[in-house]
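Structure first, then comments.
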Amino acid sequence: CLSDLIETFRAQLRDDPDVASAVAAIRALLGFLKQDRGETIQGLRNSLRDAIDTLSRVDSSVAVSSGGELFLRFISLTSLEYSDYSKCKEIMIERGEIFLTKVSLSRNKIAKLCHPFIRDGARILTHAYSRVVLRVLEAAVESKKRFSVYVTESQPDEAGQKMARALRKLNIPVTVILDAAVGYIMEKVDLVLVGAEGVVESGGIINKIGTNQIAVCAKAQNKPFYVVAESFKFVRLFPLNQQDVPDRFKYKADTLKTGQNLTEEHPWIDYTSPSLITLLFTDLGVLTPSAVSDELIKLYL
Amino acid sequence: NPRPSPVLGELMDLIRTEGQRMTAAQPSETTVGNMVRRVLKVIREEYGRLHGRSEESDQQESLHKLLTSGGLSEDFRTPYPSLRANVIEAINEMLTELEGTTDNIAMQALEHIHSNEVIMTIGYSRTVEAFLKEAARKRKFQVIVAECAPFCQGHEMAVRLSKENIETTVMSDAAIFAVMSRVNKVIIGTKTILANGALIAVSGTHTLALAAKHHSTPLIVCAPMFKLSPQFPNEEDSFHKFVSPQEVLPFTEGEILAKINVHCPVFDYVPPELITLFISNIGGNAPSYIYRLMSELYHPDDYEL
């Protein structure tokens with residue numbers, strides 16, 4: 001039932017701080033699926049929709065939403081192949097486990113693709129705390145490259161400090177800079193490397209607030225802007241500007257529940273348009289922003 | 001390779017090793033690696049067809065495949081007796097295609113070149129030469145050739161074009177920007193096309209591309225598909241080939257040479273934003289579409305030979 005679901009989700013995030021929230025959501029949903037007592041696909045879909053809504057109320061990030069959508073799509077695709085419900089459910093559970101094993105390898109795949117782009121002696125700028133970026137930089141260190149990193153402090157939660165601590169543990173020279181100092185530091189930097197909470201259909205990304213600014217500065221100074229994201233973060237949104245990003249992603253779940261006036265609140269994420277992005281590194285390969293919509297079409301249509 | 005191999009995987013490994021040796025011998029000749037990758041893709045396709053997989057099914061990684069696949073990727077263990085004949089036939093088809101590329105590209109010339117236009121080009125490219133000659137049969141236009149120092153291959157291009165009665169002007173590379181305002185189109189060839197739609201072309205092309213962008217003049221690249229290489233420009237200097245600086249500053253200038261460093265790079269990197277259109281044997285394409293063409297020509301597992 002739903003409270004168990006929330007508990008499983010929360011427990012995963014507690015036990016393994018490195019796990020992506022979308023993966024935790026999918027694992028929790030798979031557990032929910034195993035316990036479901038329904039007899040029809042329709043009933044299953046409805047209860048899964050409720051489950052996904054519940055999870056979004058716990059963690060309002062884009063990643064949980066995209067993970068949920070992907071899971072729903074996975075159910076639909078499997079149900080199209082097998083009409084017998086119990087057989088279908090067996091296959092779903094089996095494929096779900098395979099899917100989870102595959103996505104646990106995705107960070108390593110991305111790191112392998114991305115680290116050749118970091119030259120010896122490079123100066124990298126990154127934003128806030130991203131576990132994928134951390135993995136990429138780890139891989140670069142393992143391949144004996146020397147580089148230095150600038151991290152933005154990333155207010156309001158100072159996620160940049162967390163990133164800096166993690167990088168210092170890897171013996172990488174780190175400098176934490178103010179969010180306002182990005183324009184100042186951009187001329188010293190060789191490339192910008194950020195993670196993403198969600199990758200939208202146009203090839204743009206949704207990431208911690210401040211990413212758009214960094215992308216604009218990078219474009220102005222002709223610095224490559226690289227994004228690293230796993231493929232389960234691809235989401236079926238097509239924002240044309242910042243207002244188009246739904247409010248349910250912009251603010252934390254608790255803020256949304258209180259129902260107060262959102263114009264007084266600071267958003268937690270922003271949208272970076274694809275024209276500012278040079279390349280995206282995903283477990284499906286190195287993609288140009290135009291290739292992202294192709295991938296989404298292949299999945300959803 | 002005529003050796004009979006009952007297990008296909010061995011054949012592919014053999015081809016891959018040969019490919020690695022050849023690319024290591026001359027890294028700047030990317031077409032060698034490209035052809036090896038094409039052959040590997042042909043083998044995979046033929047095997048897939050015999051294995052009963054439909055043509056529609058995607059060999060590439062995709063979100064869709066991630067969700068629906070039941071297990072691990074296939075190995076190439078099942079032997080099929082007709083596989084060898086099929087692969088050889090497919091390779092022969094590929095050879096015919098390769099031989100016809102210049103003609104295919106030249107056939108599209110009339111759509112792009114109109115009467116009384118001023119076309120600019122740089123250096124000497126056989127593809128561009130054929131392209132312009134084909135258009136000259138029906139239309140009257142002028143060509144300005146940048147000589148492309150220090151090898152000055154532009155001179156040879158100008159001689160060949162003028163033999164076909166095309167009004168040709170040769171000018172130095174320094175005058176490219178000055179003349180650009182009078183030019184309608186820039187048509188160039190290239191050495192390699194990279195996976196993000198960028199070019200590795202003869203030294204001087206980046207200057208030409210920037211001047212064209214500044215004047216909003218369309219930049220058209222005529223190149224056959226075998227020049228498309230699945231590499232990204234991750235280390236911009238690793239693509240470079242340097243030759244003797246004798247071309248830039250002859251050894252007779254010994255006194256100066258002792259005091260300075262002289263370099264003579266052969267290639268230039270041109271980013272995809274500066275390019276308008278790629279004309280290849282399969283038609284015209286925008287640089288942002290290159291990733292799609294790549295997935296049709298090569299298999300992702302072969303990007304790294």
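Hydrogens, waters and symmetry mates play no part in the numbers below; they use all other heavy atoms, side chains included. All chains are named by letter (A, B, ...) in the order of the sequence lines, taking the proteins before the strands, and each is independently numbered beginning at 1.
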(request) Taking the side chain as every heavy atom from C-beta outward, state whether V286(A) and Y303(B) have any atom pair closer than 4.5 Å. (result) no
(message) So for I91(A), is it side chain, backbone, both, or neither that comes closer than 4.5 Å to the heavy atoms of chain B?
(response) neither
(message) Suppose we screen for ring-ring contact (aromatic ring centres under 6.0 Å, His included). Which residues come up paired with F9(A), at least two apart in sequence or across chains?
(response) none
(request) State whether the number of non-hydrogen atoms from other residues, nucleotides or ligands found under 6.0 Å of H214(B) atom NE2 is greater than 12. (result) no
(request) From the options T278(A), L287(A), T288(A), select the one residue that forms a side chain to side chain contact (heavy atoms under 4.5 Å, CB included) with N196(B). (result) T288(A)
(request) Provide the closest heavy-atom pair for Y291(B) versus S290(A) in the form atom of the first, atom of the second, distance. (result) OH-O, 3.3 Å
(request) Among residues two or more places apart or on two chains, list those pairs meeting salt bridge (charged side-chain N to carboxylate O under 4.0 Å, His left out) that have a residue in residues 185-197 of chain B. (result) E29(B)-K191(B), E117(B)-K185(B)
(request) Flag yes if more than 12 heavy atoms outside Q221(A) fall under 6.0 Å of its CD atom; otherwise flag no. (result) yes
